[in-house]
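Below is one structure, written out as structure tokens; comments come after it.
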Amino acid sequence: MTDFSAEWLALREPADHAARNAEVLAAAAALFEGREPVTILDLGSGSGSNLRGTAPHLPRHQLWNLVDYDPRLLAAARSSLSSWADAVATRADALRIERAGQVLDVAFRQVDLAESLDAVFEQPVDLVTAAAFFDLVSAQWIDRFAASLAARRLPLYTVLIYNGQEEWVPSHGADAAVNEAFNAHQRGDKGFGPAAGPAAAGLLAEALRAHGYKVLTGDSPWHLGPADAALIAPLADGIADAAQQTGSVSPDDIGDWRAARRSARSGVIGHTDLLAIPPG
């Protein structure tokens with residue numbers, strides 16, 4: 001599985017939350033109006049950002065199961081959620097969080113989702129969620145996931161699937177070449193086999209519709225401006241490093257692009273949000 005630092009996830013969290021598609025989010029929230037508690041399974045949970053972005057839109061009492069392969073990120077989630085809470089009760093394997101009138105019981109599980117997908121469905125679940133996750137997995141894993149989800153007739157709400165689109169201001173002559181190289185890198189193996197990368201949202205929607213799901217999608221781009229300079233610089237470095245690894249763009253062009261993009265005035269990074277509702 002690809003490594004992500006807690007520092008990078010914290011840096012991108014405000015942009016992630018601002019980017020969520022309001023229509024898709026409202027439709028997901030509407031599924032659970034008047035129902036509680038609601039049990040949520042969060043795949044590739046990282047440091048807990050998806051919980052913080054989703055929980056305020058769900059009923060008062062929620063049970064969250066945060067699943068990640070990296071124990072360091074699970075520890076970071078436990079710490080950051082404790083800081084985010086108005087009040088917190090600590091248990092050996094879980095937290096009870098009170099926040100803005102809501103009560104969240106949060107459990108943490110280290111699981112290799114590439115190998116043990118079905119294990120995460122052993123306990124009752126009402127909603128499966130994920131953020132910035134499905135572009136990392138393979139098309140074959142998406143098919144397997146869709147079949148597992150459909151067998152249990154569970155809804156899915158997933159956000160911030162990278163879709164390959166980038167726009168920067170001011171423009172640069174290497175923009176197209178770097179974007180193409182970066183997207184090629186995104187299709188490399190991230191621990192699940194060759195990643196779906198920018199095709200992930202379409203493949204996921206197609207797989208779920210084949211199982212009879214109703215699928216709603218919406219754009220959720222990052223809109224970055226001068227206030228996001230602290231995010232833009234490492235984002236530019238990450239894109240440049242990934243593009244350079246493909247060998248398809250000259251080092252000189254990569255270096256020039258990196259320098260220009262670290263001080264870009266604005267940028268748009270494309271993502272897609274998706275809600276899938278099981279038949280019946």
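Count residues from 1 along the sequence. What you see is a predicted model, and the numbers here were worked out from it, not measured in a lab.
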### Donor-acceptor pair between Asp175 and Trp257 side chains, under 3.5 angstrom
yes

#### Entry: His61 side chain to Asp105 side chain, donor-acceptor N/O pair below 3.5 angstrom
yes

So, [X] side chain and [Y] main chain: donor-acceptor pair closer than 3.5 Å or not?
| X | Y | result |
| --- | --- | --- |
| Ser79 | Ala75 | no |
| His211 | Tyr213 | no |
| Arg12 | Leu231 | no |
| His223 | Ala18 | no |

Exercise: identify the closest heavy-atom pair between [X] and [Y]:
| X | Y | value |
| --- | --- | --- |
| Ala146 | Leu208 | CB-CD2, 3.9 Å |
| Asp86 | Ala100 | OD2-N, 2.8 Å |
| Ser248 | Thr246 | OG-OG1, 2.8 Å |
| Pro170 | Arg261 | O-NH2, 2.7 Å |
| Gly164 | Asn183 | O-ND2, 3.1 Å |
| Gly225 | Ile232 | O-CD1, 3.7 Å |

Please table the atom pairs, donor to acceptor, closer than 3.5 Å between any side-chain atom in residues 269-280 and protein atoms at least two apart or in another chain.
| from | atom 1 | to | atom 2 | distance (Å) |
| --- | --- | --- | --- | --- |
| His271 | ND1 | Ser220 | O | 3.3 |
| His271 | ND1 | Ile269 | O | 3.3 |
| Thr272 | OG1 | Asn163 | ND2 | 3.4 |
| Asp273 | OD1 | Leu160 | N | 2.8 |
| Asp273 | OD1 | Ser220 | OG | 2.7 |
| Asp273 | OD2 | Asn21 | N | 2.8 |

Within-4.5 Å side-chain heavy-atom neighbours: [X] and [Y]:
| X | Y | value |
| --- | --- | --- |
| Val88 | Trp84 | no |
| Val111 | Ser116 | yes |
| Ser45 | Asn50 | no |
| Leu224 | Ser266 | no |
| Val38 | Ile40 | yes |
| Asp68 | Leu113 | no |
| Thr54 | His57 | no |
| Val103 | Arg96 | yes |

I'd like to check the side chain to side chain donor-acceptor pair (under 3.5 Å) partners of [X]; sequence neighbours left out, ordered by chain and number.
| X | result |
| --- | --- |
| Ser250 | Asp253 |
| Asp237 | Arg258, Arg262 |
| Ser47 | none |
| Glu206 | none |

### Task
Identify, with sequence neighbours excluded, every residue that meets salt bridge (charged side-chain N to carboxylate O under 4.0 Å, His left out) alongside Glu166.
none

Test ring pair (Phe, Tyr, Trp, His ring centres under 6.0 Å) applied to [X] - qualifying residues, sequence neighbours left out:
| X | answer |
| --- | --- |
| Tyr157 | none |
| Phe32 | none |
| Trp141 | Phe133, Phe145, Phe192 |

## Note on the structure
Result for ring-ring contact (aromatic ring centres under 6.0 Å, His included) between Tyr162 and one of Trp222, Phe134, Phe182 points to Phe182

### Task
Verify the neighbour count for atom CD of Glu180: are there more than 12 heavy atoms of other residues, nucleotides or ligands below 6.0 Å?
no

## Note on the structure
For residues 19-37, the salt bridge (Lys or Arg N to Asp or Glu O under 4.0 Å) pairs (sequence neighbours left out) are Arg35-Asp126

[X] side, atom [atom1]; [Y] side, atom [atom2] - distance, nearest 0.5 Å:
| X | Y | atom1 | atom2 | result |
| --- | --- | --- | --- | --- |
| Leu149 | Leu154 | CG | CG | 5.5 Å |
| Leu63 | Leu127 | CG | CG | 12.0 Å |
| Asn65 | Asp42 | CG | CG | 9.5 Å |

### Summary
Here the side chain to side chain donor-acceptor pair (under 3.5 Å) pairs for residues 146-156, sequence neighbours left out, are Asp118-Ser148

### Query
Who are the side chain to side chain contact (heavy atoms under 4.5 Å, CB included) partners of Asp112, not counting sequence neighbours?
Tyr69, Ala114, Glu115

